[in-house]
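Start at 1 and go down the list; that is how both ligands and their atoms are numbered.
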Amino acid sequence: MDDWFEPYKIKAVEHIPITTPEQRRAALDEAGWNTFLLRSDQVTIDLLTDSGTSAMSDRQWAALMIGDEAYAGSRNFYRFEETVRRFYGYRHVIPTHQGRGAEHILSEMLIREGDIVPGNMYFTTTRLHQELAGGTFVDVICDEAHDPADQHPFKGDVNLEKLEKVIEQADRVPYLSVAGTVNMAGGQPISMANLHAVREIAESHGIMVILDAARAVENAAFIQEREQGYADRSVAEILLDICALTDGCTMSAKKDSLVNIGGWLALNDPDLAAEARNLCVVYEGLHTYGGLAGRDLEAIAVGIEESVDDVHIRTRILQVRELGERLQAAGVPIVEPIGGHAVFLDARRIYAHIPQEAFPAQRLAGEIYLGSGTRTMERGIVSAGRDPETGEHRRPALELVRITVPRRVYTSRHLAAVARSVAEVHERRERTRGLEMVFEPAYLRFFQARFRPLEYP
Ligand code: P61
């Protein structure tokens with residue numbers, strides 16, 4: 001793994017701000033200790049997310065110039081549609097402004113009050129749309145996924161017994177919600193074998209399987225790397241195999257597809273697709289643009305082609321792995337195996353003395369920012385939100401900070417500096433206390449909640 005290098009060179013660069021510790025302290029206090037509320041000008045290395053933050057290629061920038069901004073029937077839409085069909089294999093493609101636009105339409109179409117939607121761990125926006133449509137998400141991911149130290153190579157796998165049980169006990173299951181890779185579990189893949197088994201169970205009950213395809217290309221690369229029989233198959237072929245086991249997908253093109261904005265809903269069923277096109281005009285825009293400009297659709301088409309290149313995706317995953325291995329070498333507890341898009345710090349172990357109600361991962365993200373101006377994201381009790389029935393905090397087993405690597409943006413030196421600064425934060429862990437929440441919004445609270453350090457007056 002030592003002699004790999006990125007399959008691109010840099011044509012344009014962007015200046016990054018350098019700040020002093022005093023400036024960072026003031027910025028973090030002003031942001032209520034929430035990294036989502038920092039301004040990007042206050043951030044040196046921005047590892048908040050890999051969503052919409054990747055660097056586009058020269059071919060993608062050129063594609064923007066052939067944007068056809070016709071309100072209806074833009075030629076870019078047809079190119080986009082053809083490309084999604086070619087690489088993902090679904091018959092019908094409805095563009096949306098981003099992933100949650102597709103989740104909204106899908107949930108509204110398929111879910112009725114009282115429905116149960118089983119899936120391999122929740123994702124924040126996906127679950128919220130399922131709940132807003134009257135459904136309840138039930139986690140059926142394998143137990144290993146909840147243990148950061150477990151070495152299972154496919155921690156995104158569904159526990160088939162749990163799945164069967166949930167289906168048997170539910171009044172109605174509109175579809176199974178399967179993600180590859182699983183973001184909240186640490187960017188962990190699902191295996192083809194498990195997906196086959198899930199498909200069989202779904203078919204035996206007449207239930208659809210819907211894929212969250214945001215990082216399905218990364219998942220395909222893990223299958224190529226780890227699953228028997230796939231070493232000689234291309235990532236593009238494996239991606240088609242994954243999609244062929246499902247009836248449709250919601251997609252945030254801001255991840256795998258290397259663009260700054262966009263998404264789609266894909267479905268094989270023509271009647272459902274017609275209904276989705278109709279809802280698209282209600283919430284997103286005409287079904288040939290779905291809230292996007294023609295140029296965006298063209299950039300997605302090029303991005304999809306680039307995303308399935310074996311060298312691209314392999315080096316992307318290896319860059320993330322290199323960051324994780326640096327942290328491991330420094331003794332920092334992380335989720336293992338190292339995931340596809342991010343390294344997840346185990347805040348529960350790092351701040352073992354801070355109770356979960358004092359938001360250890362939120363605090364850790366704040367401390368990392370104070371240390372070096374690196375922005376990361378809480379993925380623990382704050383992200384999990386409250387149970388809509390009881391109003392209590394949901395208490396996830398995983399209390400994590402996500403260090404997310406945008407595609408084609410940072411060099412190994414940037415990431416080495418991040419690893420060093422995180423190791424320093426880890427070293428002074430015992431002197432750190434938790435936070436209290438002082439403002440909590442109703443939906444997706446982690447985006448806008450505000451906190452105060454407990455040691456402050
Ligand atoms: C992210 F803190 N992810 O990872 P949209 N499915 C999956 C995603 O990862 C995803 C969406 C659907 C983001 C952005 C984000 O709690 C958060 O295009 C597996 O963002 O609408 C998005 O796609 C939704 C960050 C979203 C969050 C929700 O950084």
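- Atoms of ligand 1 lying under 4.0 Å from at least one heavy atom of Gln98, given by number and element, are 5 (P), 18 (O), 20 (O), 21 (O).
- In this structure, Glu218 contributes its side chain and Ile317 its backbone to no donor-acceptor pair below 3.5 Å.
- The closest protein non-hydrogen atom to atom 18 (O) of ligand 1 is Ser252 OG, 2.7 Å.
- The cationic group of Arg100 does not satisfy the cation-pi geometry with Phe123, failing either the under 6.0 Å distance to the six-membered ring centre or the 45° limit from the ring axis.
- Of the protein's non-hydrogen atoms, Glu103 OE2, 3.1 Å is the one closest to atom 12 (C) of ligand 1.
- Proximity of the aromatic rings of Tyr289 and Tyr71 is defined here by a centroid distance below 6.0 angstrom, and this criterion is met.
- Counting only distance, with no hydrogens or angles, the side chain of Glu284 and the backbone of His97 share a donor-acceptor pair below 3.5 Å.
- Annotation for ligand 1: atoms under 4.0 Å from non-hydrogen atoms of Gly99 are 5 (P), 18 (O), 21 (O), 23 (O).
- The protein atom (non-hydrogen) at minimum distance from atom 24 (C) of ligand 1 is Thr125 OG1, 3.5 Å.
- With hydrogens and angles ignored, the 3.5 Å screen pairs a side-chain donor or acceptor of Asn76 with a backbone N or O of Asp68.
- Nearest residue to atom 6 (N) of ligand 1 from Thr181, Asp212, Thr53 is Asp212 (criterion: closest heavy atom).
- Selection from Arg127, Arg379, Arg100 by nearest heavy atom to atom 26 (C) of ligand 1 gives Arg100.
- Under 4.0 angstrom from ligand 1, the non-hydrogen atoms of Met377 all belong to its side chain.
- Protein heavy atom nearest atom 11 (C) of ligand 1, with residue, atom name and distance: Phe123 CE2, 3.5 Å.
- Counting protein heavy atoms only, atom 13 (C) of ligand 1 is closest to Lys255 NZ, 3.4 Å.
- One finds no salt bridge joining Asp387 and Arg395 here, because no Lys/Arg side-chain nitrogen approaches an Asp/Glu carboxylate oxygen to under 4.0 Å.
- Here the straight-line distance linking atom OG1 of Thr96 with atom CD1 of Ile261 works out to 9.0 Å at 0.5 Å rounding.
- One N or O on the side chain of Gln224 and one on the backbone of Arg233 form a donor-acceptor pair closer than 3.5 Å.
- In the vicinity of Phe36, heavy-atom distances shorter than 4.0 Å reach the ligand 1 atoms 2 (F).
- Of all atoms in ligand 1, numbered sequentially from 1 with element shown, those under 4.0 Å from a heavy atom of Thr124 are 16 (O), 17 (C), 28 (C).
- With hydrogens and angles ignored, the 3.5 Å screen pairs a side-chain donor or acceptor of Arg407 with a backbone N or O of Asp50.
- Close contacts between ligand 1 and Lys254 involve ligand atoms 18 (O) [criterion: under 4.0 Å to a heavy atom].
- Of the candidates Tyr351, Phe451, Trp33, Phe359 forms a side chain to side chain contact (heavy atoms under 4.5 Å, CB included) with just one, namely Phe451.
- Remark: ligand 1 atoms within the under-4.0 Å shell around heavy atoms of Thr49 are 1 (C), 29 (O).
- Remark: minimum distance from atom 4 (O) of ligand 1 to any protein heavy atom is reached at Arg402 NH1, 2.8 Å.
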